[in-house]
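One structure is given below, encoded as structure tokens.
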Amino acid sequence: MSPPAPSRRRPRVLPRRFYAGGALEVAPQLLNKLLVGEGRAGRIVEVEAYRGSEDPASHAFRGETARNAVMFGAPGHLYVYFTYGMHFCANVVCMPPGVAEAVLIRALAPVEGVDLMRAARPGIARDTNLANGPAKLCQAMGITRAQDGADLVTGSDGLRVMDDGVAPPTVPASSGRVGIRLASEWPWRWWVPGDPNVSKARALGAARGR
DNA sequence: CTTTGGATCGTCT
DNA sequence: GACGATCCAAAGG
């Protein structure tokens with residue numbers, strides 16, 4: 001009898017074709033992948049899908065502007081936006097140029113460079129509070145509008161998404177999307193069941209999973 | 001533990 | 001001129 005195969009292997013960059021499909025397929029597949037950069041790495045444990053023209057909650061719903069231009073570009077790039085006058089949030093762009101779909105990364109489990117994440121978020125006591133929210137993880141990873149458009153496949157801007165062999169959950173937990181008014185009931189939020197780094201959503205309707 | 005309000009400014013109407 | 005794909009501290013149970 002040999003022991004069970006280890007779930008981790010040397011991390012590999014996800015290929016461009018990983019992002020070729022729609023946000024609804026890519027989002028749950030991104031769970032347990034690694035966001036790597038700036039000497040830091042975090043495992044993606046919570047995501048949300050946004051679909052441009054068919055989704056009234058999407059930044060791309062009303063067409064292309066200077067802010068959301070990256071969403072209309074090639075897949076595998078990072079769309080970073082500024083909101084609430086002080087926060088950044090990061091999305092992975094899906095689908096071919098001209099079709100604006102993206103996956104918002106909502107939470108990371110810190111994996112590497114925790115000291116750097118702490119330095120970027122002074123005053124945070126517990127590791128599970130370093131990146132358990134879309135703006136928190138940008139702060140922890142050092143992501144700002146300077147990384148808008150970063151290519152996550154070539155890593156030319158210092159950021160990559162990698163696969164270390166940990167599979168996505170067979171049955172991810174899901175619920176409606178957080179913090180939006182229109183179409184908030186659409187079940188396009190997914191997370192790794194039971195992970196302590198998943199964000200604490202404010203008042204949210206019945207969630208499935210855990 | 002939960003609830004509430006303030007911070008702060010780019011973006012689009 | 002209004003409103004966020006949010007976070008945090010403070011106050012109450």
Side-chain angles (χ1 to χ4, degrees), chain A residues 19 22-24 26-28 30-31 35 42 44-73 77-95 99-110 117-150 152 172-191 196-207 210:
Chain A
Y19 308 98
L24 294 182
V26 173
L30 271 172
L31 292 175
L35 179 61
I44 299 171
V45 296
E46 180 183 352
V47 295
E48 277 177 3
Y50 287 87
R51 306 185 72 191
S53 58
E54 308 171 32
D55 179 1
S58 170
H59 288 171
F61 185 62
R62 296 178 185 283
E64 182 171 347
T65 66
R67 172 172 75 152
N68 65 21
V70 171
M71 270 187 87
F72 286 82
H77 291 253
L78 197 69
Y79 164 50
V80 182
Y81 66 89
F82 179 72
T83 189
Y84 290 104
M86 62 189 93
H87 296 306
F88 298 98
C89 295
N91 301 255
V92 172
V93 174
C94 303
M95 296 292 273
V99 184
E101 302 204 10
V103 177
L104 172 68
I105 303 177
R106 284 197 57 90
L108 299 177
M117 295 187 187
R118 286 190 167 287
R121 283 175 53 70
I124 301 301
R126 300 156 60 187
D127 283 2
T128 51
N129 282 334
L130 285 174
N132 62 333
K136 296 179 188 180
L137 72 89
C138 284
Q139 206 181 334
M141 295 293 293
I143 294 172
T144 69
R145 266 234 121 189
Q147 279 73 44
D148 185 44
L152 300 170
S174 69
S175 78
R177 294 174 292 180
V178 174
I180 57 175
R181 290 150 46 101
L182 283 52
S184 60
E185 71 283 0
W186 298 4
W188 290 359
R189 173 187 180 226
W190 293 270
W191 68 92
N197 297 278
V198 170
S199 73
K200 297 155 178 72
R202 203 179 275 230
L204 199 63
R210 195 156 288 195

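In what follows, every chain begins at residue 1, and chains take the letters A, B, ... in the order their sequences are listed.
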Hey, which of these two, His87(A) or Gly123(A), hits DNA chain C nearer its 5' end, going by closest nucleotide?
His87(A)
Examine distances only and state if a side-chain atom of Glu101(A) and a backbone atom of Ala23(A) form a donor-acceptor pair shorter than 3.5 Å.
yes
Ile180(A) CD1 to dA5(C) C1', in whole Å, measures 7 Å
What do you reckon, do Tyr84(A) and the base of dA7(B) stack, with centroid distance below 5.5 Å and planes below 30°?
no
Atom CD1 of Ile124(A) and atom C1' of dC8(C): how far apart are they, to the nearest Å?
9 Å
Rounded interatomic separation in angstrom, taking CG from Leu104(A) and C1' from dG4(C):
14 Å
What residues, two or more places apart in sequence or in another chain, satisfy side-chain hydrogen bond (donor to acceptor under 3.5 Å, both in side chains) together with Arg145(A)?
Asp148(A)
How long is the line joining CG of Asn129(A) and P of dT6(C), in whole Å?
16 Å
Just so I know, are the side chains of Leu108(A) and Ile44(A) near enough to count as touching, which here means a heavy-atom distance under 4.5 Å?
yes
Quick one: Arg106(A) CZ to dA5(C) P, roughly how many Å, whole number?
11 Å
So what's the dot-bracket for DNA chain B: Watson-Crick or G-U pairs under 3.5 Å, [ ] if a pair crosses, | if it pairs off-strand?
|||||||.||||.
Do Arg189(A) and Ser175(A) pair up side chain to side chain, a donor and an acceptor below 3.5 Å, judged on atom types alone?
yes
Test item: Leu137(A) and Glu46(A) side chains (from C-beta on) under 4.5 Å apart, heavy atoms:
no
Ignoring backbone atoms, test whether Lys200(A) places a side-chain nitrogen or oxygen under 4.0 Å from the OP1 or OP2 oxygen of dT2(B).
no
Between Glu48(A) (side chain) and Val178(A) (backbone), is there a donor-acceptor pair under 3.5 Å?
yes
Distances for protein N or O near nucleotides 11-13 of chain B N or O, under 3.5 Å:
unit_1	atom_1	unit_2	atom_2	d
dC12(B)	OP1	Thr65(A)	OG1	2.4

Would you state whether a donor and an acceptor, one from the side chain of Tyr81(A) and one from the base of dA5(C), lie under 3.5 Å apart?
yes
Option among Leu152(A), Val70(A), Val92(A) that satisfies the side-chain contact (heavy atoms from CB on, under 4.5 Å) test with His77(A)
Val70(A)
How long is the line joining CZ of Arg51(A) and P of dA5(C), in whole Å?
19 Å
Please give, in whole Å, the distance from dA5(C) P to Lys136(A) NZ?
18 Å
Given atom CG of Asn91(A) and atom P of dT6(C), what is their separation to the nearest angstrom?
11 Å
What is the nucleic acid contact for Ala135(A), judged by heavy atoms within less than 4.0 Å: base, sugar-phosphate only, or nothing?
sugar-phosphate
Counting N and O atoms only, with roles assigned by atom type, does the side chain of Arg106(A) sit under 3.5 Å from a partner on the main chain of Val198(A), one being a donor and the other an acceptor?
no
Kindly indicate whether the side chain of Asn91(A), heavy atoms from C-beta on, has any atom under 4.5 Å from the side chain of Tyr81(A).
yes
